[in-house]
Amino acid sequence: MTGKPLNSILVKPAGPDCNLDCAYCFYSGKSSLFPGSKSHRMTDDILMEMIRQIMAQADDKVGIAWQGGEPTLMGLGFFQKAVDLMTRFGRNHNVGNGLQTNGLLIDKDWARFLRQYNFLVGLSIDGPEHIHDHYRRRKDGSGTWSMVCERAKLMLDQGVSVNAVGVVTDYGAEFPDEIYGFYKGIGLNYMQLIPCVETDHRNPESLLSFSVSAERYGPFLCRLFDLWLADFVDGCQTTSIRFFDSILHSYVGLTPPECTLLKECGNYLVIEHNGDVYSCDFFVEPRWRVGNIKDGLLLDMLNSKKQKAFGSMKKNLPEECIECRWINHCHGGCIKDRARDKEGYSMNYLCKAYKMFFQHADVRLQALATEWKNRQKPARPLASGRPV
């Protein structure tokens, strides 16, 4: 059939439930979508139908990202069932499982399982203790940094593939050197740094206090880029920062692996614990519910009119964006990070930061792209930043 292939699924098996109370969490409020239940857990029948559909409808290669909330609240047995079902329903699929976790529940049994089945773990850790514990705390207000560091060491020692997943806040943006050096120091050489951009629902033009401003994020990106580039050896990177890897894809004419840099959204689906399917992780809301796996096919939902309408929103750009010299590299960024005007979505809150970054890095990115193209005999793929 024609249309978008089913090759990427994001699953919320425990819904918005979490054992932390991070100040900047955008997903904790989603419990309001499921009134009447304080605990949200995917049942075995939903799990089976989900895996059955994915294996029947997906490409030979499919990625499943398990996120939350906190997915490890489901327990190790749940994920063992998931793997067993992939084996049962699979047709020689190459399945890439990713687990994004705060790490608190990871023990040796978890680590052995993750290593055995080649799960890629995205460990939520914002940097050194004063940065991580600034916003990532337990419900009683205590910090989590030391325990997360222990879990990182445990998994790395067991041979688990681990990425650092950090949120760049108003506070953390002041410390790019510390964050980058910390990740390297504990062996997390694959890094995904996500800018925190959360608006006040009462006033969409206003960012919440922990959000990073463009004025802070721009210098952060520039300094981080310099640190990343300084660690190249013989023209090859020794650390991976997913945003820079994705940007470099656009400079060599390849499709960036980071969805925020694509021309169009809607290339994956989100499945909540009850089987409800949504257009995007950041738009789990009634307007963008495209169905339920008990009532329809995932591939049909991915290619539905509603999903196409969601994807096309990204093209709704103001004239300033369309005429910008950097548009073919950023495509306006994530629509979640755009201010909403009367006609839809307009300028990205971080536009000034991205312009600052491209002005700073463009010449060197062009040089990297030229070097990479010259080495393509035989072809050698770019790093993808190991997305989780």
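The analysis underlying the following values was restricted to heavy atoms, covering all of them including side chains, and did not include hydrogens, waters or symmetry mates.
Checked against the 6.0 Å centroid criterion, the rings of Phe79 and Tyr117 do not qualify as a close aromatic pair. Ring centers of Trp288 and Tyr278: at least 6.0 Å apart, outside the cut-off. Residues Tyr349 and Tyr354 keep their aromatic ring centres 6.0 Å or farther apart. Taking the six-membered ring where the residue is Trp, the centroids of Phe282 and Phe26 are separated by under 6.0 Å. Between Phe34 and His273, the ring center distance clears the sub-6.0 Å criterion.
Atom CZ of Arg289 has more than 12 heavy atoms from other residues, nucleotides or ligands within 6.0 Å. More than 12 heavy atoms of other residues, nucleotides or ligands sit less than 6.0 Å from atom CG of Asp140. Few gaps surround CG on Asp231; more than 12 heavy atoms of other groups in view lie less than 6.0 Å from it.
Counted by atom type alone, Asn102 and Glu70 present one or more donor-acceptor pairs between their side chains at under 3.5 Å. Inspection of the Gln80 and Asp84 side chains reveals an N or O donor paired with an N or O acceptor under 3.5 Å. Residues Thr144 and His132 bring a donor and an acceptor atom of their side chains to less than 3.5 Å of each other.
Using modelled atom types, no side-chain atom of Glu174 and backbone atom of Arg216 make a donor-acceptor pair closer than 3.5 Å. Counting only distance, with no hydrogens or angles, the side chain of Asn303 and the backbone of Gly3 share no donor-acceptor pair below 3.5 Å. Between the side chain of Lys373 and the main chain of Val252, no donor-acceptor pair closer than 3.5 Å is present.
Leu193 has its side chain within reach of Leu224: a pair of non-hydrogen atoms, C-beta onward, lies under 4.5 Å apart. At least one side-chain heavy atom of Phe78 sits under 4.5 Å from a side-chain heavy atom of Met42. With contacts defined as side-chain heavy-atom distances shorter than 4.5 Å, the pair Tyr183/Asn189 does not qualify.
Legend: salt bridge (Lys or Arg N to Asp or Glu O under 4.0 Å) pairs involving residues 40-50, not counting sequence neighbours, sorted by first then second residue: Asp17-Arg41, Asp44-Lys81, Glu49-Arg52. The side-chain hydrogen bond (donor to acceptor under 3.5 Å, both in side chains) pairs that include a residue from residues 317-326 are Glu320-Lys355, where partners are two or more places apart or lie in different chains.
Note that CD1 of Ile54 and CG of Asp59 are 12.5 Å apart. Values are rounded to the nearest 0.5 Å.
For Lys12 and Tyr27, the positive end sits near the middle of the six-membered ring, less than 6.0 Å away and at most 45° from its axis.
Using a 4.0 Å cut-off between a side-chain N of Lys or Arg and a carboxylate O of Asp or Glu, Arg136 and Asp21 do not qualify as a salt bridge. Look at Arg375 and Asp234 and you find no salt bridge, because none of the NZ, NE, NH1 or NH2 atoms lies under 4.0 Å from a carboxylate O. Arg223 has a carboxylate O that lies under 4.0 Å from a charged side-chain N of Asp177, or vice versa, which qualifies the two as a salt bridge.
Checking Phe357, Tyr180, Phe358 one by one against Phe225, the ring pair (Phe, Tyr, Trp, His ring centres under 6.0 Å) holds for a single residue, Phe357.
Under the 30°/60° scheme for interplanar angles, the aromatic rings of His134 and Tyr171 are found to lie parallel. Note: Trp145 and Phe182 have tilted aromatic rings, judged against thresholds of 30 and 60 degrees for the angle between ring planes.
In the hydrophobic clustering of ILVMFWY residues, with side-chain heavy atoms under 4.5 Å counting as a link, Phe232 and Ile241 come out together. Linking Ile, Leu, Val, Met, Phe, Trp and Tyr residues whenever their side-chain heavy atoms come within less than 4.5 Å places Leu350 and Leu208 in a single cluster.
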